[in-house]
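Here's the structure we're looking at; comments come further down.
Note that these values count all heavy atoms, side chains included, but never hydrogens, waters or copies made by symmetry. Since we're looking at a predicted model, the values are computed, not measured.
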Amino acid sequence: MAMKVKEVSELVSISVRTLHHYDEIGLLVPDETTAAGYRMYSDANLERLQQILFFKELGFSLKEIKNIIDDPAFDAEEALHMHKLILLEKRQRLDQIIATIDKTVLHLRGEIQMTAKEQFQGFNFSDNPYEQEARQRWGDHAIDEANRKTVHQPADKQKELSEQMNDIFRRLAALRHTAPESAEVQAEMKQWYLYLNQIGSYSPEAFKVLGQMYVEDERFTRNIDQFGEGLAQFMCNAMAVYADQHQ
């Protein structure tokens with residue numbers, strides 16, 4: 001059954017404006033447009049949109065995604081298999097990062113001492129065993145761009161990043177009873193978004209999904225809330241506002 005653009009927007013939780021943009025650049029062109037000008041999306045359109053969002057989650061640009069999906073040699077099932085492998089590896093890294101958060105809290109309390117290396121366990125995004133296979137399928141340039149901001153950092157930079165992260169969490173904890181859409185909170189959300197993109201590659205949509213993980217995964221919630229009760233839910237809400245404003 002064909003769906004209108006607003007229905008697709010609500011189904012996928014991306015803005016109508018974003019869908020219009022995808023249409024304008026030829027990335028996702030609806031199979032039908034009614035006489036009244038309404039875009040109608042088919043099942044095939046939705047399958048393509050799913051692939052687009054998978055590639056965006058992995059850090060590809062819209063231009064790169066279009067080139068990959070439009071390639072006659074593109075195999076959707078093969079791509080889904082590769083997405084799964086890469087995301088499983090990513091989940092393992094997130095588990096490592098969560099463990100690092102636990103240790104960092106104890107470090108801040110003075111209960112343990114962490115080395116600079118320990119402070120950044122889990123932040124090595126350049127050692128994915130499936131990267132070479134992804135390069136073979138989708139090209140070196142696309143993968144290099146996805147990895148560009150996630151190379152090893154020197155010790156002084158690692159210390160700086162650690163201090164930045166802790167400062168942002170403390171400031172957000174102090175603001176957690178403020179409206180998420182307020183200018184003050186959104187200014188901090190910008191800093192958090194910029195921070196994450198120093199160590200990873202996050203689109204606004206991926207940023208929003210990460211915020212949802214803060215409340216859907218009790219491990220995230222437990223660790224973030226150690227900076228202030230309710231902080232995880234507050235960040236989830238504020239990150240969603242920021243992402244919607246920057247689609």
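I68 CD1 to S61 OG: the interatomic distance, rounded to the nearest 0.5 Å, is 8.0 Å. Between the SG atom in C236 and the CG atom in L210 there is a gap of 9.5 Å [rounded to 0.5 Å]. Of the inter-residue distances, the one linking T18 atom OG1 with E205 atom CD reads 6.0 Å to the nearest 0.5 angstrom. With rounding to the nearest 0.5 angstrom, the CD1 atom of I52 is 4.5 Å from the CG atom of L28. Residue D244 holds its CG atom at 12.0 Å from CE of M239, rounded to the nearest 0.5 Å. Annotation: the span from F169 atom CZ to I224 atom CD1 amounts to 5.0 Å, rounded to 0.5 Å.
Hydrophobic clustering (side-chain heavy atoms under 4.5 Å, transitive across Ile, Leu, Val, Met, Phe, Trp, Tyr) groups V12 together with F60. Under the 4.5 Å side-chain heavy-atom criterion for ILVMFWY residues, no single connected hydrophobic cluster contains both L196 and V209. M213 and V241 sit in two unconnected hydrophobic clusters of ILVMFWY residues. Membership requires side-chain heavy atoms under 4.5 Å apart, directly or through other members.
Between F234 and H177 there is no side-chain heavy-atom pair separated by less than 4.5 Å. Using a 4.5 Å heavy-atom threshold, the side chains of R39 and M3 count as separate. A 4.5 Å side-chain heavy-atom check between N166 and L108 finds at least one atom pair inside the cut-off. Under the 4.5 Å side-chain criterion, counting only non-hydrogen atoms from C-beta, V16 is not in contact with V8. Considering only heavy atoms from C-beta on, L80 comes within 4.5 Å of F54 through its side chain. F55 has its side chain out of reach of E64: every pair of non-hydrogen atoms, C-beta onward, lies at least 4.5 Å apart. Using a 4.5 Å heavy-atom cutoff, the side chains of Y41 and K4 are not in contact. Between S203 and K56 the shortest side-chain heavy-atom distance falls below 4.5 Å.
Taking all atoms of both residues into account, the shortest heavy-atom contact from F207 to M189 is CZ-O, 4.0 Å. Residues A243 and P204 approach most closely at CB-O, 3.1 Å, considering heavy atoms. Heavy-atom minimum distance, T221 versus A232: CA-CB, 3.9 Å. Across E188 and L172, no two heavy atoms sit closer than the pair CB-CD2, 3.6 Å. Considering all non-hydrogen atoms of both residues, P30 and M40 come closest at CB-O, 3.3 Å. Shortest non-hydrogen contact noted between V29 and G26 is CG2-CA, 3.8 Å.
Residue pairs that meet the salt bridge (charged side-chain N to carboxylate O under 4.0 Å, His left out) test with at least one member in residues 41-51, sequence neighbours left out, are R48-D70.
Panel note: side chain S9, backbone V5; no donor-acceptor pair is recorded below 3.5 Å. Checking side-chain atoms of R109 against main-chain N and O of L106 turns up no donor-acceptor pair under 3.5 Å. At distances below 3.5 Å, at least one donor-acceptor pair connects side-chain atoms of N45 with backbone N or O atoms of D31. T33 places no side-chain N or O within 3.5 Å of a backbone atom of G37 that could act as its donor or acceptor partner. The closest donor-acceptor contact from the side chain of Q186 to the backbone of P180 lies under 3.5 Å.
For E7, the CD atom counts as densely surrounded, since its 6.0 Å shell holds more than 12 non-hydrogen atoms of other residues, nucleotides or ligands. E111 CD: more than 12 foreign heavy atoms inside a 6.0 Å radius. Other residues, nucleotides and ligands contribute only 12 or fewer heavy atoms inside 6.0 Å of the CD atom of E229.
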Task: Pair Y22-L62, side-chain contact (heavy atoms from CB on, under 4.5 Å): steps then yes or no - done: CA-CA 9 Å; Y22 289 176; L62 297 182; 3.8 Å; yes

- [ ] Show the numbers, then the answer: is there a side-chain contact (heavy atoms from CB on, under 4.5 Å) between M165 and W192?
- [x] CA-CA 8 Å; M165 179 180 70; W192 183 231; 4.2 Å; yes

- [ ] Verify side-chain contact (heavy atoms from CB on, under 4.5 Å) between I25 and K66, making sure each step is shown before the conclusion.
- [x] CA-CA 9 Å; I25 65 175; K66 186 176 186 300; 5.6 Å; no

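Taking the six-membered ring for Trp and thresholds of 30 and 60 degrees, Y242 and Y193 have ring planes inclined between 30 and 60 degrees apart.
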